[in-house]
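Structure first, commentary second.
Per chain, numbering begins at 1; letters A, B, ... match sequence-line order.
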Amino acid sequence: MNRTKIDEADKDFSQRAKNTIKRIPKGKVATYGQIAALAGSPRGARRVVWLLHSSSLKDKLPWHRVVNKQGEISLARGRGYEIQKQLLMGEGVTFSLDGRIDLDRFLWRPR
DNA sequence: CTCGTGACTCCCG
DNA sequence: TCGGGAGCCACGA
């Protein structure tokens, strides 16, 4: 049967989102909402979460460069937090004492 | 179909 | 600054 435009839109979102994540430069970070917006779904931050859960490993996405809008790692300690922090620090990203990333300095701003 | 869940975000008090 | 509630979207039981 034919695909609907909705199906195409969903597929399109997933592709765009993955491509967007792959475009994040080393040493920079992006927010869930930012990626969703760039992929065409301004309110789809949670879709990005699902995408990472389902494809981060399979598609080798730089998932560690995705943080929440406060510049904080959203993963719980013992469930990826330490790993992500290490990966980011390894790329030169610094954290404040309260565990936040200075987005004025590290947020990726595609042009 | 309804309900629960999640690496989100926004709004209020 | 902090916590709760609601909106958001997709997926699986």
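Formation of a donor-acceptor pair under 3.5 Å by the A:Ser55 side chain with backbone atoms of A:Lys58 is not found in this model. Without hydrogens or angle criteria, A:Gln34 side chain to A:Val66 main chain gives no donor-acceptor distance under 3.5 Å. Side-chain atoms of A:Asn19 come within 3.5 Å of backbone N or O of A:Gln15 as a donor-acceptor pair. For the pair A:Ser41 (side chain) and A:Ala37 (backbone), a donor-acceptor distance under 3.5 Å is absent.
Comparing the same atom, C1', in C:dA13 and in B:dA7 gives a spacing of 22 Å after rounding to whole Å.
A:Asp59 and A:Lys22 are not joined by a salt bridge, as no carboxylate oxygen comes within less than 4.0 angstrom of a charged side-chain nitrogen.
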Nucleotides 1-4 of chain B: which of its N/O atoms have a protein N/O under 3.5 Å away?
none

Using nucleotides 8-12 of chain B, report all nitrogen or oxygen pairs with the protein that are shorter than 3.5 Å.
residue: B:dC8; atom: OP1; partner: A:Ser74; partner atom: OG; Å: 3.1
residue: B:dC8; atom: N3; partner: A:Arg46; partner atom: NH1; Å: 3.3
residue: B:dC8; atom: N4; partner: A:Arg46; partner atom: NH1; Å: 2.8
residue: B:dT9; atom: OP1; partner: A:Gly33; partner atom: N; Å: 3.3
residue: B:dT9; atom: OP2; partner: A:Lys69; partner atom: N; Å: 2.9
residue: B:dC10; atom: OP1; partner: A:Lys69; partner atom: NZ; Å: 2.7

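At least one cation-pi condition fails for A:Lys69 and A:Tyr32: the charged atom is not both under 6.0 angstrom from the six-membered ring centre and inside a 45 degree cone around its axis.
Think of the region where chain A sits on DNA chain C: with heavy atoms and a 4.0 Å cut, that region ends 5' and 3' at C:dG7 to C:dA10.
A:Ile73 places its CD1 atom 14 Å from the P atom of B:dA7, with the value rounded to the nearest Å.
Atom CD1 of A:Ile21 is separated from atom CG of A:Leu51 by 5.5 Å, given to the nearest 0.5 angstrom. Residue A:Thr94 holds its OG1 atom at 10.0 Å from CE of A:Met89, rounded to the nearest 0.5 Å. The CD1 atom of A:Ile24 sits 9.0 Å away from atom CG of A:Leu38, with the distance rounded to the nearest 0.5 Å.
Using a 4.0 Å cut-off, some side-chain N or O of A:His53 falls inside it from OP1 or OP2 of B:dA7.
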Evaluate the side chain to side chain donor-acceptor pair (under 3.5 Å) criterion for residues A:His64 and A:Glu91: first the C-alpha distance (whole Å), next the side-chain angles of each, then the deciding distance (0.1 Å), finally the verdict. CA-CA 11 Å; A:His64 58 283; A:Glu91 297 186 346; 3.1 Å; yes

